[in-house]
Novice: 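So that we are looking at the same thing, I have put the structure below in structure tokens.
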Amino acid sequence: MGEQYGGDHQDFRGGKFNGDFTAKKVEYHQHGSTPTALDALPPRAAGFTGRGDQLAELLGAFDPDGGEVPGAVLVAAVSGLGGIGKTALAVEAAHEACGEGRFPGGVLFVNLHGYDDDRVTAEQALETLLRALGTPPEHIPNGVDARAALYRSVLAARERELGAVLVLADNASSAEQVRPLHPGGARHRLLATSRSKLPQLGARLLPLGELSPEEAYDLLDRALRIAARDDARVVNEGEAAAELALLCGYLPLALQIAAALLVLDRGKPVAELVAELAESGDRLLHLDDGERSVRAAFDLSYQRLPAEQARLLRLLALAPGSEVTAEVVAVLDGADTPPVRVLDALCRAHLVERGSGRGRWRLHDLVRVFGVGVVQGDVGLREEGEAARGRVLAFYYRWARAADGWLQWLPGRPVPERFNDRAGALAWFDGERAGLAAAVQWAREERFADTAVRLSQCLGEYLAWRRSFDDWITVCGVAREAAHRAGNRVGEASAWNNLGIALREAGRAGEAIDAHTRARDLYQTAGERLREARAWNNLGLALRWTGRAEEAIDAHTRARDLFRAVGDRRGEARAWDNLGLALREAGRAGEAIDAHAHARDLFRAVGDRLREAMSWNNLGAALGDTSRVEEAVEAYEKTLERYWEFDDWYGAGQTLYNLALAHQHAARFAEARTCHLQSADAYTRANAPAEAARARTRANAITP
């Protein structure tokens, strides 16, 4: 068939046709160019601050000619907790890149609404992107594969004509949503943001954490000054602003909401908002400005979790301390082994974070508040949570009791369970210290009070060893209040006694005297003679620290006699040693030497090598007072042998300091200076900076 076209008709002359046929006039319309949406970036976030390193990393990856991997068009998946500022960072980076002319072909933006009920599918996203590229709707095929092919073809043509395009896919919930948006070509770039890590994409992963305290402070100040240039409340209330940033968990969304609340009420001091947040039983209730809500942001992530992940997140929110070991996670879960698979899934969703070491896990502070709120809002979840907390408290008590047993173990006694040696017990205490201290706080709740008070009594030796006196004071105070409420007079007395030791070591000897006096009186009333002896002994130490040496001598003498009466030789040795200190303070050096010698011999007899070392050190000091310098040096050297054996760095620091004084007295100045410097190093390892500084000062002051 031959066809010729002319004007508005068709010429069929010369054509041969078999059967009937119909000819219809065809109309042609000239279409104008289809509009595009290639400058569709959202505006920059007002007051955007910080994220310098992450911005630099994204801009480096955007460089079409400088990619680390040739053809790696999928630049990065920026991931993080809801409200952490992923979109703000991605948009800021895109604006920076466009400002530098890196994407002359334009920028495509699509919000995938990955955590909404009606999230955007990849097929829907491709339709949006094709329309933005100017493709007429009737030319967009159905199906993901067909749309993806057309999308890449259109982008390839645009690359040839204008240059590289940046595709920003915001708020994805899965790799499935993002993978078909791969733009093809070697110069285009795709940037995705998500609350979940998306390792399946083969992209550079850029997880976001909270802002630094300085960045959070700057965000608050900028937000207020954007609303009113002269609003200097953040600068004028620096400490309150820092506390506000902390209460917001350094989370950008929470900080922006807090700033908005201050903007709405220009007469409101920052400190007033801080008080509202700090005193509220539910911080998230206040972190809501009518349009934005931290709770709503977290709830979007929580509602998408499978049941086992949601359950573990709730239980982790109830855990004591800022982070927990995998072992404690297993106890919370009621399982024999840690639920590693579930933890990893929560970590990918940025609802759980890895802690300070391998096998440790933590929640963002506001996620913890959210989780507690979920539990409190449901009777069944509360019962589940209380059972989990009870398991953790029982676990902590069993293991702390065993670890404390190792710290106080002497040869000849039964070997404590659960640990192989003292070092293992100390390592466990070190790893769980924050959780243990937090679990004792549960003593304020009646159902947990008894076990929590007993747990507190297992921590004294360890906290004294690590010189964590503030923690010890807190622990003892909570235990004392709980025991008093329960009418447990012996428990209350023990808490007073331990509190007195902690107060004295913290330099608060006057308060320690009152605490030990209360403990002594309660023990006397209860007929607890052995414990009364311990209270007398500790009272004597506090009295000596306040310069009341004669009263201290009387207290230690009473303690010694009581210990002897009940047959506690180790306690008697401690009383003798402390009596020697009080005698020396009173100027009775000869009697002090005899007392320390008694203590040394008794400690040796019961096999307590650590306290034998202490008595050797005290004996050396008393010998030095009587100018028996060489005997004092010998005593200090015996002390050091035993302190090194136990890694007692504080005791070693004391002894080296005393040894330096002895060498200086004997005009051995080089040896004295060396010992002072060694003392400073030992004190530093013992977390005693003031003592370390004193030793260095003495070393620098020595001149031949």
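Counting begins at 1 with the first residue of the sequence. Every heavy atom of this structure was used, including side-chain atoms; hydrogens, water molecules and symmetry mates were not. Predicted model only: the values in this text are computed from it and were never measured.
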Novice: For a 4.5 angstrom cut-off between non-hydrogen side-chain atoms, does L436 reach V475?
Specialist: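 When only atoms from C-beta onward are counted, V475 and L436 do not touch, as no gap falls below 4.5 Å.
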
Novice: Can you see which heavy atom on A622 is nearest to which on H596, and at what distance?
Specialist: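 Answer, listing the atom of A622 first, then H596: CB-CD2, 4.1 Å.
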
Novice: Find the distance between CG (L463) and CZ (R433) and round it off to the nearest 0.5 Å.
Specialist: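 Separation between the atoms: 7.5 Å.
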
Novice: Against E323, only a single residue in R360, R362, R354 fulfils side chain to side chain donor-acceptor pair (under 3.5 Å); can you say which?
Specialist: R360

Novice: Are a donor atom and an acceptor atom from the side chains of T684 and R696 found within less than 3.5 Å of each other?
Specialist: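 There is such a pair (donor and acceptor under 3.5 Å, judged by atom type) between the side chains of T684 and R696.
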
Novice: Counting only heavy atoms not in D470 (residues, nucleotides, ligands), do more than 12 fall under 6.0 Å from its CG?
Specialist: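 Counting neighbours around CG of D470, 12 or fewer heavy atoms of other residues, nucleotides or ligands fall under 6.0 Å, so no.
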
Novice: Donor-acceptor pair, R398 side chain versus R418 backbone, under 3.5 Å?
Specialist: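 No: the side chain of R398 does not pair with the backbone of R418.
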
Novice: Carefully, step by step, assess W399 and F419 under the rule ring-ring contact (aromatic ring centres under 6.0 Å, His included).
Specialist: CA-CA 9 Å; W399 283 79; F419 298 99; 5.3 Å; yes

Novice: Given the rule in the salt bridge (charged side-chain N to carboxylate O under 4.0 Å, His left out) test, do R389 and E386 qualify, once you have shown the distances and angles that lead to the verdict?
Specialist: CA-CA 5 Å; R389 292 173 68 207; E386 295 303 278; 3.0 Å; yes

Novice: For residues A493 and L522, report the shortest heavy-atom separation together with the two atoms involved.
Specialist: CB-CB, 3.6 Å

Novice: Evaluate the criterion side-chain contact (heavy atoms from CB on, under 4.5 Å) for residue pair W406 and L426; output intermediate values, then yes/no.
Specialist: CA-CA 9 Å; W406 269 106; L426 277 171; over 6 Å; no

Novice: Here's one to test your reading of the geometry: is the NZ or CZ of R531 within 45 degrees of the ring axis of W496 and under 6.0 Å from its centre?
Specialist: no

Novice: Where do D577 and L581 land on the side-chain contact (heavy atoms from CB on, under 4.5 Å) test, with the steps shown first?
Specialist: CA-CA 7 Å; D577 208 27; L581 294 172; 5.7 Å; no

Novice: When you look at R466 and E505, which way does the salt bridge (charged side-chain N to carboxylate O under 4.0 Å, His left out) test go after all the steps?
Specialist: CA-CA 12 Å; R466 289 298 189 226; E505 292 288 358; over 6 Å; no

Novice: Flag this pair as yes if the NZ/CZ of R422 is under 6.0 angstrom from the six-membered ring centre of W409 and inside a 45 degree cone about the axis; otherwise no.
Specialist: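 No, R422 does not sit over the ring of W409.
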
Novice: Ring of F603, cation from R611 - is the NZ or CZ under 6.0 Å from the centre and inside 45° of the axis?
Specialist: no

Novice: Restricting to non-hydrogen atoms, name the atom on Y250 and the atom on E210 that form the minimum distance, rounded to 0.1 Å.
Specialist: O-CB, 3.3 Å

Novice: How long is the gap from SG on C248 to CG on L366, to the nearest 0.5 Å?
Specialist: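 Here the interatomic distance stands at 7.0 Å.
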
Novice: Parallel under 30°, tilted from 30 to 60°, perpendicular over 60°: which one fits the rings of H676 and Y657?
Specialist: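 Aromatic pair H676/Y657 classed perpendicular.
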
Novice: Do H556 and L539 have side chains that approach each other closer than 4.5 Å (heavy atoms only, starting at C-beta)?
Specialist: no

Novice: Looking just at side-chain N and O atoms, do N658 and Q654 make a donor-acceptor pair shorter than 3.5 Å?
Specialist: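 Judged by distance alone, the side chains do not pair up.
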
Novice: Any chance you could measure R673, atom CZ, to C675, atom SG, to the nearest 0.5 Å?
Specialist: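 Output value for this atom pair is 12.0 Å.
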
Novice: Keeping N578 on the side-chain end and R574 on the backbone end, is there a donor-acceptor pair under 3.5 Å?
Specialist: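 Side chain of N578 to backbone of R574: a pair is present.
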
Novice: Taking N618 for its side chain and M614 for its backbone only, find out whether a donor-acceptor pair lies under 3.5 Å.
Specialist: yes

Novice: Counting the benzene-type ring for Trp, do W644 and W649 have ring centres under 6.0 Å apart?
Specialist: yes

Novice: Using side-chain heavy atoms (C-beta onward) and a distance below 4.5 Å, is R444 in contact with V478?
Specialist: yes

Novice: Which distance, rounded to the nearest 0.5 Å, do you find between the CG of L583 and the CH2 of W576?
Specialist: 9.0 Å

Novice: Would you kindly check if the NZ (Lys) or CZ (Arg) of R558 is within the cone defined by 45 degrees around the ring axis of W536 and under 6.0 Å from the six-membered ring centre?
Specialist: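 Yes; both conditions hold, so R558 lies above the ring face of W536.
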
Novice: Can a donor-acceptor pair be found, under 3.5 Å and without considering hydrogens, that links the side chain of R698 to the backbone of R694?
Specialist: no

Novice: Just by modelled atom types, is the R548 backbone N or O under 3.5 Å from a matching donor or acceptor in the E551 side chain?
Specialist: no

Novice: D568 side chain to R570 main-chain N or O, any donor-acceptor pair under 3.5 Å?
Specialist: yes

Novice: Hey, does the side chain of S468 reach the backbone of D471 with a donor-acceptor pair shorter than 3.5 angstrom?
Specialist: no

Novice: R564 and R560: side-chain contact (heavy atoms from CB on, under 4.5 Å), yes or no, with the steps?
Specialist: CA-CA 6 Å; R564 184 181 293 162; R560 180 199 63 192; 3.9 Å; yes

Novice: Could you go step by step and tell me if L343 and W361 meet the side-chain contact (heavy atoms from CB on, under 4.5 Å) rule?
Specialist: CA-CA 9 Å; L343 284 168; W361 304 88; 3.6 Å; yes

Novice: Quick one: is the NZ or CZ of R489 closer than 6.0 Å to the six-membered ring centre of Y523, and within 45° of its axis?
Specialist: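 So R489 doesn't make the cation-pi contact.
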
Novice: Does L623 offer a backbone N or O that forms a donor-acceptor pair with the side chain of T626 under 3.5 Å?
Specialist: yes

Novice: Under the salt bridge (charged side-chain N to carboxylate O under 4.0 Å, His left out) rule, what do R600 and E612 come out as? Steps first, then yes or no, please.
Specialist: CA-CA 5 Å; R600 176 201 60 197; E612 181 189 345; over 6 Å; no

Novice: Check whether any side-chain heavy atom of I473 sits under 4.5 Å from a side-chain heavy atom of L503, and report yes or no.
Specialist: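 Counting from C-beta outward, I473 and L503 do come under 4.5 Å.
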
Novice: Hey, what do you get for CD (E572) to CG (L602), rounding to the nearest 0.5 Å?
Specialist: 5.0 Å

Novice: If every non-hydrogen atom of W472 is compared with every non-hydrogen atom of A464, which pair is closest and at what distance?
Specialist: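 Taking W472 first and A464 second, the nearest heavy atoms are CZ3-CB, 3.6 Å.
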
Novice: Just by distance, with hydrogens left out, do T655 and N617 show a side-chain donor and acceptor under 3.5 Å apart?
Specialist: yes

Novice: What closest approach, in Å, do G385 and L318 show between heavy atoms, and which atom pair accounts for it?
Specialist: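 The answer is CA-CD1, 3.3 Å.
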
Novice: Ring of Y650, cation from R467 - is the NZ or CZ under 6.0 Å from the centre and inside 45° of the axis?
Specialist: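 So R467 does make the cation-pi contact.
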
Novice: Show your reasoning for whether salt bridge (charged side-chain N to carboxylate O under 4.0 Å, His left out) applies to E550 and R588.
Specialist: CA-CA 11 Å; E550 294 300 332; R588 296 154 64 177; 3.6 Å; yes

Novice: Ignoring hydrogens, what is the shortest heavy-atom contact between A452 and A439? Give both atom names and the distance.
Specialist: CB-O, 4.1 Å

Novice: Nearest 0.5 Å, please: how far is CG in L499 from CG in N538?
Specialist: 11.5 Å

Novice: Do R520 and Q524 have side chains that get closer than 4.5 Å, going by heavy atoms?
Specialist: yes

Novice: Take atom CG of D430 as the centre, draw a 6.0 Å sphere, and report whether it contains more than 12 heavy atoms from other residues, nucleotides or ligands.
Specialist: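 It does: D430 CG has more than 12 such atoms within range.
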
